[in-house]
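One-based numbering, in listed order, for ligands and for the atoms of each.
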Amino acid sequence: MPDDRLIVALDVPNAIEALALTTKLGDAVGFYKIGLGMLTGGGLGLANELTAEHGKRIFLDMKLFDIGATVEAAVRGLSRFDLEFLTVHGDPHVVRAAKQGAAGSDLKILAVTILTSLDRGDLDDGLMKPGDVADLVLERAARALEAGADGVIASPQEAAAIRALPEAAGRLIVTPGVRPAGAALGDQKRVATPAGAIRSGADHIVVGRPIWQAADPRGAAQAILDELAGA
Ligand code: C5P
């Protein structure tokens, strides 16, 4: 059985390349993230193929945000696919609507708090209330969990503080921004190692480029799995 604490982000251009990557990773990896970039490249068809024909688990990263009725309808439609995690923005009305849409299915709703690419200046530009970004992340996480989110997406730096929230008991924390020691950071700034993220309270880590850009993706994934096994 693969260690499904590792979720591999399939951020390649299309479903054909994604399937080639999953073939290379074979039974080492059981859980994949499909994002917005794959929508026009056959993302939902890819999700179907990976679940139905290869027995994989799928995290669909759509970061939905809209009026409640639209979010509910979108999530109801998506809940008919065999997906395990779906992201929405963590605004309480969005989370509540997503949970309504997912009712009767096993789809878990994960809330995004504040995108890790945003700093205080970006929040000012977006007219978001004053305050330290880390505090706002915690406040948004608490509200999203109160509204019924099954879990939150968090940077490894935020994971421990979110794990300590009473609202987070029994809920999931999923962390991108994970880099094995020595790996290229890319555009990620606030990173942790795979074992460090798990120790901070993450249930799953999402890793993309360190695996799919590697000359030997299976070896890169195995090194991360070995690190998790020792965590
Ligand atoms: O290649 P890398 O390991 O940085 O990929 C991380 C994945 O997690 C990407 O699909 C990226 O879009 C996603 N992500 C992130 N940071 C967030 C939310 C999602 O890196 N705050």
Side-chain angles (χ1 to χ4, degrees), residues 5-15 17-18 21-22 25 29 31-41 43 46-47 50 57-65 83-91 94 108-120 122-123 126 128 133-134 136-138 140-141 144 149 151-162 172-198 200-215 217 220-221 223-225 227-228:
R5 288 181 296 176
L6 172 63
I7 301 177
V8 175
L10 291 173
D11 295 328
V12 293
N14 56 57
E17 287 185 42
L21 177 66
T22 62
L25 295 174
V29 174
F31 212 154
Y32 288 102
K33 181 170 90 75
I34 295 175
L36 278 175
M38 185 67 79
L39 255 196
T40 52
L46 172 66
L50 287 174
R57 301 166 70 185
I58 300 295
F59 166 5
L60 192 69
D61 190 11
M62 293 284 110
K63 297 188 178 69
L64 298 175
F65 179 86
L83 307 167
E84 202 142 339
F85 296 163
L86 173 70
T87 46
V88 303
H89 281 268
D91 303 64
V94 175
K108 291 193 167 63
I109 302 299
L110 302 183
V112 173
T113 58
I114 295 175
L115 297 173
T116 46
S117 56
L118 303 182
D119 61 18
R120 186 60 251 179
D122 297 308
L123 298 186
M128 299 278 268
V133 178
L136 294 180
V137 163
L138 262 187
R140 273 178 67 82
V152 294
I153 307 295
S155 88
Q157 272 77 2
E158 298 157 354
I162 293 175
L172 295 165
I173 298 177
V174 178
T175 56
V178 173
R179 288 291 177 270
L185 296 189
D187 52 6
Q188 299 283 12
K189 295 186 181 106
R190 295 180 284 143
V191 301
T193 62
I198 295 290
S200 300
D203 299 284
H204 298 274
I205 59 171
V206 177
V207 183
R209 285 162 290 186
I211 292 175
W212 64 261
Q213 284 184 345
I224 292 171
L225 292 165
E227 185 181 330
L228 290 183

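- Side chains of Leu86 and Leu64 form a contact here, defined as non-hydrogen atoms less than 4.5 Å apart.
- Side-chain contact between Leu83 and Lys108 is absent, with no heavy-atom pair separated by less than 4.5 Å.
- Pairing each heavy atom of Pro194 with each of Glu227, the nearest pair is CD-OE2, 3.3 Å.
- With a 4.0 Å heavy-atom cut-off, ligand 1 is reached by the side chain of Pro210 but not by its N, CA, C or O.
- The nearest protein atom to atom 21 (N) of ligand 1, hydrogens excluded, is given as Thr116 OG1, 2.7 Å; this is a heavy-atom distance.
- For the pair Arg5 (side chain) and Leu228 (backbone), a donor-acceptor distance under 3.5 Å is present.
- By the 4.5 Å heavy-atom criterion applied to side chains, Ile173 and Val152 are counted as neighbours.
- Looking only at heavy atoms of the protein, atom 6 (C) of ligand 1 is closest to Gln188 NE2, 3.9 Å.
- Taking every non-hydrogen atom of Ala9 and a distance limit under 4.0 Å, the qualifying atoms of ligand 1 come out as 10 (O).
- When each atom of ligand 1 is checked for a heavy atom of Val207 under 4.0 Å away, the hits are 3 (O).
- The side chain of Lys63, and not its backbone, has at least one atom closer than 4.0 Å to an atom of ligand 1 (non-hydrogen atoms only; side chain from C-beta on).
- Within the listing of ligand 1, atoms 1 (O), 2 (P), 3 (O), 4 (O) sit less than 4.0 angstrom from a heavy atom of Arg209.
- At the shortest separation from atom 9 (C) of ligand 1 among protein heavy atoms lies Asp11 OD2, 3.2 Å.
- Protein heavy atom closest to atom 11 (C) of ligand 1, with residue, atom name and distance, is Lys33 NZ, 4.2 Å.
- Once rounded to the nearest 0.5 Å, the distance linking CD1 of Ile7 with CZ of Arg57 reads 7.5 Å.
- For atom 2 (P) of ligand 1, the nearest non-hydrogen atom of the protein is Arg179 NH2, 3.4 Å.
- Within the 6.0 Å centre-distance limit, the rings of Phe85 and His204 are counted as a close aromatic pair.
- Proximity of a side-chain donor or acceptor of Thr193 to a complementary backbone N or O of Pro180 within less than 3.5 Å is not detected.
- Nearest protein neighbour of atom 3 (O) of ligand 1, counting heavy atoms only, is Gly208 N, 2.7 Å.
- Counting the atoms of ligand 1 from 1 in the order shown, those under 4.0 Å from a heavy atom of Pro176 are 8 (O), 14 (N), 15 (C), 16 (N), 17 (C), 18 (C), 19 (C), 20 (O).
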